[in-house]
Asks: 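This structure is in structure tokens; I'll ask about it shortly.
Computation of the quantities below employed the complete heavy-atom set of this structure, encompassing side-chain atoms and omitting hydrogens, waters and symmetry-equivalent molecules. Values in this document were obtained by computation on a predicted structure and should not be read as measured data.
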Amino acid sequence: MTNIEKTLQPIRKELIGNLEGNILEVGSGTGTNFEHYNAKAKVIAIEPSSFMLDKSKAKLPKHTQITTYNLGVVDQRLDSIIKNNSLDYIICTLVLCTISDQNLAFNNFKKWLKPTGKLIVLEHIHAQKKPTRLLYNLVNPFWKIVGDGCNLNRDTNLSIKKAGFKVESEHYFKHSLDFYQAVFTV
């Protein structure tokens, strides 16, 4: 993932570098996004893997307000941490491929976001060309094991829209995998 991450860093910075207000980062992983948040961002970073969360804590910048929790996005305990209509932004970068119940996650996003709030995503998605789609489908059961639950064959771009989010901007690109970056409103 090192080469892919080098390509994605400028995109991550562009997507979240200027954000201010209350932010939920879903699946913060090893803290790759942490360096991009500015001092006016108040971030709740959730990560279900304690191993990954420990790695991310070492990357917490001094100038930011980031609080980490060892929780997944469908964990009911989040309702005591995140109030309805309280978030300005929800950030999902390379995480929606691992969430077992995307619909529940999207419903949570809708209730937590302010009416003016935005969902910002940078995700790999199912291949757009038929031969590669077939390959992704064949490889996916093995990939899920080595990729810690990652699914290569999710049409996350379509799932978000089907859940009722409205596209503000979107961009498709390819870098080994098919990628999708977008900003949505509720």
Side-chain angles (χ1 to χ4, degrees), residues 5 8-29 31-38 40-48 52 56 64-69 71-126 128 149-173 177-186:
E5 279 298 342
L8 298 180
Q9 281 303 328
I11 297 168
R12 289 175 187 269
K13 184 176 181 177
E14 174 190 330
L15 286 173
I16 65 177
N18 295 320
L19 302 182
E20 298 178 4
N22 296 320
I23 300 169
L24 171 66
E25 180 173 337
V26 178
S28 57
T32 304
N33 286 337
F34 290 176
E35 68 180 283
H36 301 301
Y37 289 112
N38 72 55
K40 295 181 181 177
K42 185 177 179 189
V43 180
I44 296 169
I46 59 172
E47 172 54 53
M52 297 287 250
S56 74
T64 56
Q65 300 177 62
I66 300 174
T67 307
T68 61
Y69 293 93
L71 297 170
V73 72
V74 295
D75 192 311
Q76 292 180 343
R77 292 176 289 174
L78 280 174
D79 285 331
S80 66
I81 298 167
I82 304 169
K83 303 299 177 211
N84 291 353
N85 301 306
S86 66
L87 297 174
D88 297 294
Y89 301 95
I90 294 177
I91 310 300
C92 296
T93 58
L94 304 182
V95 68
L96 293 172
C97 59
T98 64
I99 294 173
S100 58
D101 190 342
Q102 281 189 334
N103 288 328
L104 180 55
F106 295 147
N107 286 335
N108 284 342
F109 295 170
K110 287 189 276 189
K111 79 177 180 181
W112 293 331
L113 280 168
K114 293 177 180 178
T116 56
K118 296 180 187 207
L119 170 63
I120 299 175
V121 301
L122 172 60
E123 298 287 337
H124 68 80
I125 56 173
H126 203 336
Q128 302 300 293
C150 172
N151 289 278
L152 286 173
N153 61 351
R154 283 203 178 161
D155 289 309
T156 300
N157 53 323
L158 303 177
S159 299
I160 298 169
K161 295 171 187 175
K162 187 177 177 184
F165 287 91
K166 308 288 183 247
V167 175
E168 187 174 281
S169 66
E170 66 182 350
H171 176 65
Y172 292 84
F173 64 98
L177 301 171
D178 290 65
F179 281 89
Y180 179 68
Q181 76 181 64
V183 177
F184 292 92
T185 57
V186 179

Asks: Step by step, work out the side-chain hydrogen bond (donor to acceptor under 3.5 Å, both in side chains) result for Thr93 and Arg12.
Replies: CA-CA 8 Å; Thr93 58; Arg12 289 175 187 269; 3.0 Å; yes
Asks: Is the closest side-chain donor-acceptor distance between Arg154 and Ser159 under 3.5 Å?
Replies: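 Checked: Arg154/Ser159 side chains show no N/O donor-acceptor pair below 3.5 Å.
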Asks: Determine whether more than 12 heavy atoms belonging to other residues, nucleotides or ligands lie under 6.0 Å from atom NZ of Lys111.
Replies: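 Counting neighbours around NZ of Lys111, more than 12 heavy atoms of other residues, nucleotides or ligands fall under 6.0 Å, so yes.
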Asks: Side-chain contact, heavy-atom cut-off 4.5 Å: Ile46 with Ile81?
Replies: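 No, too far: nothing below the 4.5 Å cut-off.
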Asks: Take atom NZ in Lys110; do more than 12 heavy atoms of anything else shown fall under 6.0 Å from it?
Replies: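 Atom NZ in Lys110 is packed in, count exceeds 12.
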Asks: Of all heavy-atom pairs between Val73 and Asn108, which one has the smallest distance, and what is that distance?
Replies: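 So the two residues come closest at O-ND2, 3.2 Å.
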Asks: What is the minimum heavy-atom distance between Ala45 and Ile66, and which atoms define it?
Replies: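 Minimum heavy-atom contact is CB-CG2, 4.1 Å.
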Asks: Could you tell me whether the side chain of Glu170 reaches within less than 4.5 Å of the side chain of Asn157, counting heavy atoms only?
Replies: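 Contact flag for Asn157/Glu170 side chains = no.
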Asks: Provide the closest heavy-atom pair for Thr98 versus Val95 in the form atom of the first, atom of the second, distance.
Replies: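 For Thr98 and Val95, the tightest heavy-atom pair comes out as OG1-O, 2.8 Å.
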Asks: OG/Ser56 to CG/Asn33 distance, rounded to the nearest 0.5 angstrom?
Replies: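 Reported value, rounded in 0.5 Å steps: 11.0 Å.
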Asks: With rounding to the nearest 0.5 angstrom, report the NZ to OG1 distance, Lys114 to Thr185.
Replies: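 Rounded to the nearest 0.5 Å, the NZ-OG1 separation comes to 15.5 Å.
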Asks: Could you tell me whether the side chain of His124 reaches within less than 4.5 Å of the side chain of Thr156, counting heavy atoms only?
Replies: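 They are not in side-chain contact.
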Asks: Between Gly72 and Leu78, which heavy-atom pair has the shortest distance, and what is it?
Replies: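 Looks like O-CD1, 3.3 Å.
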Asks: Does Phe109 reach the side chain of Phe165, with side-chain heavy atoms less than 4.5 Å apart?
Replies: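 Contact flag for Phe109/Phe165 side chains = yes.
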Asks: Using a cut-off of 6.0 Å, state whether more than 12 heavy atoms not belonging to Asn18 lie near its atom CG.
Replies: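 No, not enclosed.
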Asks: To the nearest 0.5 Å, what is the distance between SG on Cys97 and CG on Leu177?
Replies: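 The SG atom of Cys97 sits 9.5 Å away from the CG atom of Leu177.
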Asks: What is the minimum heavy-atom distance between Val74 and Ala105, and which atoms define it?
Replies: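 Heavy atoms of Val74 and Ala105 come nearest at CG1-N, 3.9 Å.
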Asks: Please examine the side chains of Asn22 and Trp112, heavy atoms only from C-beta on, and report whether any two atoms are closer than 4.5 Å.
Replies: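 Trp112 vs Asn22: side chains apart.
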Asks: With a 4.5 Å heavy-atom cut-off, do Asp88 and Glu20 have their side chains touching?
Replies: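 A side-chain contact is absent here, since even the closest heavy-atom pair is not under 4.5 Å.
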Asks: Kindly indicate whether the side chain of Tyr69, heavy atoms from C-beta on, has any atom under 4.5 Å from the side chain of Asp75.
Replies: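 In short, these two side chains do not touch, never coming nearer than 4.5 Å.
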Asks: Return the CD1 to CZ distance between Ile125 and Phe179, rounded to the nearest 0.5 Å.
Replies: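 The CZ atom of Phe179 is 9.5 Å from CD1 of Ile125, to the nearest 0.5 Å.
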Asks: Does Glu25 form a side-chain hydrogen bond (donor to acceptor under 3.5 Å, both in side chains) with Tyr37? I'd like the steps, not just the answer.
Replies: CA-CA 11 Å; Glu25 180 173 337; Tyr37 289 112; 2.8 Å; yes
Asks: Which heavy atom of Gln181 sits nearest a heavy atom of Leu15, and at what distance?
Replies: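 Shortest heavy-atom contact: NE2-CD2, 4.2 Å.
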Asks: I need the Thr68 OG1 to Ile44 CD1 distance, nearest 0.5 Å.
Replies: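 These two atoms lie 11.0 Å from each other.
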Asks: Using the six-membered ring wherever Trp is involved, compare the ring planes of Tyr172 and Tyr180 and label them parallel, tilted or perpendicular (cut-offs 30° and 60°).
Replies: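 Taking Tyr180 first and then Tyr172, their aromatic rings sit tilted (interplane angle of 30° to 60°).
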Asks: For Ile91 and Val43, run side chain to side chain contact (heavy atoms under 4.5 Å, CB included): C-alpha distance rounded to whole Å, both residues' side-chain angles, the deciding distance at 0.1 Å, then the answer.
Replies: CA-CA 10 Å; Ile91 310 300; Val43 180; over 6 Å; no
Asks: Would you check if Ile16 and Ile23 make a side-chain contact, meaning some heavy-atom pair closer than 4.5 Å?
Replies: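 Not touching, per the 4.5 Å side-chain cut-off.
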Asks: Mind checking the CD-NE2 spacing from Gln9 to His36? Nearest 0.5 Å is all I need.
Replies: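 Reported value, rounded in 0.5 Å steps: 3.5 Å.
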Asks: Apply the test side chain to side chain contact (heavy atoms under 4.5 Å, CB included) to residues Leu8 and Leu94: give CA-CA distance (whole Å), side-chain angles for both, the deciding distance (0.1 Å), then the verdict.
Replies: CA-CA 10 Å; Leu8 298 180; Leu94 304 182; 3.7 Å; yes
